[in-house]
Amino acid sequence: MIDIKFLRENPDVVRASQKGRGENVELVDQILAIDEKKRAAVTEFEALRQEQNALSKSVGAAKGDEKTALLENAKALADKVKAADSKRAEVEEQTKQLVLQLSNLLDTEAPIGGEEDFVTIEHVGTPRDFGKDGFEPRDHVELGKLLGAIDTERGAKVAGSRSYYLTGVGALLEFALVNYAIQSALKNGFTPVIPPVLVNPAAMEGTGFLGQAAENVYRIEKDDVYLVGTSEVPLAAMHMDETLPADKLPLRYAGYSSCFRREAGTYGKDTRGIIRVHQFDKVEMFTFCKPEDAKAEHARLLQWEKDFLIAMEIPFRVIDVASGDLGSSATRKFDIEAWIPTQGAYREVTSTSNCTEFQARRLNIRYKDSEGTKALATLNGTLVAIPRMIVAILENHQNADGTVNVPAALQPFLGVKKFELA
RNA sequence: GGAGGAUUCGCAUAGCGGCCGAGUGCGCACGCUUGGAAAGCGUGUAUAGGGCAACCUAUCGAGGGUUCAAAUCCCUCAUCCUCCGCCA
């Protein structure tokens, strides 16, 4: 949620941001207009209320005829107050609904444009030359079968498309990745968290996932709860309606959870394998910090993501996501894309967003220092999303015979240097 | 799933339909006292919105209702506790 005071004072900045995202610019003027109406309604209600409070007091003190006369006045006034109050409530609700439609202000450094207009910040590592190695790489589905690690056929039989079983070394690989991720998160000062994945509407709404992203969310209607698509939701909502002491900041959580995504509107996209699935496990980093520290924290989250990829010995690139492709909460977003040999392309494996005060304001999370209470900033970043990391590891580290070398960083967790054929 | 009880200012509690935005204790901050500390004494101690300000308005789990007037009465919901049932 954008600060309404900021919008009043800097409407041009908000207009420019909306334009950069390719979103409704007129919304800004609609909000300015209704905000004025709202303040008038509030003032009117408060004036009437003040009168009523005073009158009520005198009714209590009065006696006899005097009281009867005062009561009559008071009754008439009570109706006016009620009318003014419902008008106020109505305009306030309308204002809020409009303000909630605004996306976060764009970072001025974020590239402008659509999905294709990202800026590549750097490349790390070099894609392997399989020609030089003398064999044609197998894709992760094939390797998963050879190793007895991934079973998409039975996944489909039991749970439908985009479902899978991780078996044997596939399952072990998940445990190793999670353990390595949590271990590095601990080293970097994160508190490990296993959050609820079934959350109430307030949590979903507050984190901004019931807006444009709503159709990708599973809802359990009978109990009015949602399955989260990322632990960002329960981690952000963890401190909903709380005021945190300034000396506790930054607060860093590493959440490990299953993630559920309907993947509506992606028919035909990534149908093979486990690149795009309905359910997967992920370790997510989440930070609450002072707004002035958010930019530096964003750089740190990105660095930790890079460190993970480097430890997995996978070539990747970092992109600065363009304005039109940012989530509504993000002021700026960096994605890391890993090299996937059989696709001859870089594919997204992690993503980190700076949400500045936008998300915290929606969730009513603030911090308190000697100067008072203020909105704080929230940031999130993927440490590891299991299936895509498994894809990257299997494909990049495969040998001609279908066996796969285990990155050194994972060897202590797996006890082997190589995955053998099943 | 059933039966009871609870939810008030950081914590613990008091609260008669008007004198309650709300008392007390603890905690915390500042001051006095002291050679220094403790104790003692005094003052202060929520959030949001509006106003240059004095100040005004709202908030006693949430939402409705009754009333001139609701922390207080009524209804719905949420959460927590106790007991019973079921259960990984």
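Naming: A, B, ... by sequence-line order, numbering from 1 per chain. Since the structure is predicted, the reported quantities are computational estimates derived from the model, not experimental observations.
Of all nucleotides present, only B:C32 satisfies the Watson-Crick or G-U wobble test against B:G40, with each distance under 3.5 Å. With a 3.5 Å ceiling on both atom-pair distances, the Watson-Crick or G-U wobble partner of B:A6 is B:U79. Nucleotide B:C60 forms no Watson-Crick or G-U wobble pair with any nucleotide shown, as no partner meets the under 3.5 Å limit on both distances. Judged by Watson-Crick or G-U wobble contacts below 3.5 Å, the nucleotide B:A53 has no partner. Across all strands shown, B:C84 is found opposite B:G1 as a Watson-Crick or G-U wobble partner, with both distances under 3.5 Å. Base pairing analysis places B:C11 opposite B:G25; the two distances defining the Watson-Crick or G-U wobble pair are each below 3.5 Å. B:U66 makes up no base pair with any nucleotide shown, lacking Watson-Crick or G-U wobble contacts both under 3.5 Å.
A residue-by-residue look at A:Arg39 and A:Ala47 shows that A:Arg39 has its nearest nucleotide of RNA chain B further toward the 5' end. RNA chain B is contacted by both A:Arg366 and A:Glu51; A:Arg366 maps to the nucleotide lying nearer its 5′ end (nearest heavy atom per residue).
Here, B:A78 and B:G23 have their P atoms 33 Å apart, quoted to the whole Å. The gap from the P atom of B:A12 to that of B:G27 amounts to 15 Å, rounded to the nearest Å. Between B:C20 and B:A71, the two P atoms lie 13 Å apart (nearest whole Å). B:A38 and B:C26 are spaced 16 Å apart, taking the P atom of each and rounding to whole Å. The separation of B:U59 from B:G64, taken at their P atoms, amounts to 11 Å, rounded to a whole angstrom. The same atom, C1', is picked in B:A53 and in B:G35; the two are 46 Å apart, to the nearest Å. For the C1' atom pair drawn from B:A22 and B:U33, the interatomic distance equals 33 Å after rounding to whole Å. Here, B:A14 and B:A6 have their P atoms 11 Å apart, quoted to the whole Å.
Here the options are A:Gln52, A:Glu51, A:Glu46, the test is side chain to side chain donor-acceptor pair (under 3.5 Å), and the partner is A:Arg49; only A:Gln52 passes.
Remark: the backbone N or O of A:Phe286 is not paired with any side-chain donor or acceptor of A:Arg252 at under 3.5 angstrom. Listed for the A:Asn10 side chain is a donor-acceptor partner under 3.5 Å among the backbone atoms of A:Phe6. The closest donor-acceptor contact from the side chain of A:Asn200 to the backbone of A:Val225 lies at 3.5 Å or more, if one exists at all. Side-chain N or O atoms of A:Asp401 include one that pairs as donor or acceptor with a backbone N or O of A:Thr403 at under 3.5 Å.
Listed by first and then second residue, the side-chain hydrogen bond (donor to acceptor under 3.5 Å, both in side chains) pairs that reach into residues 383-398 of chain A are A:His140-A:Glu395, A:Thr342-A:Glu395, sequence neighbours excluded. Applying the side-chain hydrogen bond (donor to acceptor under 3.5 Å, both in side chains) test to residues at least two apart or on different chains, the pairs with a partner in residues 102-114 of chain A are A:Glu23-A:Ser103, A:Asn104-A:Thr356, A:Asp107-A:Lys295, A:Glu109-A:Lys295. Pairs passing the side-chain hydrogen bond (donor to acceptor under 3.5 Å, both in side chains) check and including a residue from residues 227-241 of chain A, sequence neighbours excluded, read A:Thr230-A:Lys282, A:Glu232-A:Gln359, A:Glu232-A:Asn380, A:His239-A:Glu242, A:His239-A:Tyr253, A:Asp241-A:Asn364. Annotation: salt bridge (Lys or Arg N to Asp or Glu O under 4.0 Å) contacts involving residues 408-421 of chain A, sequence neighbours excluded, are absent.
Here A:Arg361 lies out of heavy-atom contact (under 4.0 Å) with every strand. Note on A:Lys82: only backbone sugar-phosphate atoms sit closer than 4.0 angstrom, heavy atoms only; bases stay farther off. At a threshold of 4.0 angstrom between heavy atoms, the contacts of A:Asn73 with the nucleic acid are absent. Within the 4.0 angstrom heavy-atom criterion, no nucleotide atom of any strand lies near A:Lys38. Within the nucleic acid shown, A:Gln52 comes within 4.0 Å of sugar-phosphate atoms alone, with no base atom in reach, counting heavy atoms only.
Aromatic rings of A:Phe308 and A:Tyr180 (six-membered ring for Trp) have centroids within the 6.0 Å cut-off, being under it.
The stretch residues 239-248 of chain A has no heavy atom under 4.0 angstrom from RNA chain B at all.
Geometrically, A:Arg154 does not engage A:Tyr165 in a cation-pi contact defined by less than 6.0 Å to the ring centre and at most 45° from the axis.
From the 5' end on, the contacts that RNA chain B makes with chain A at under 4.0 Å to a non-hydrogen atom open and close at B:G18 to B:A69.
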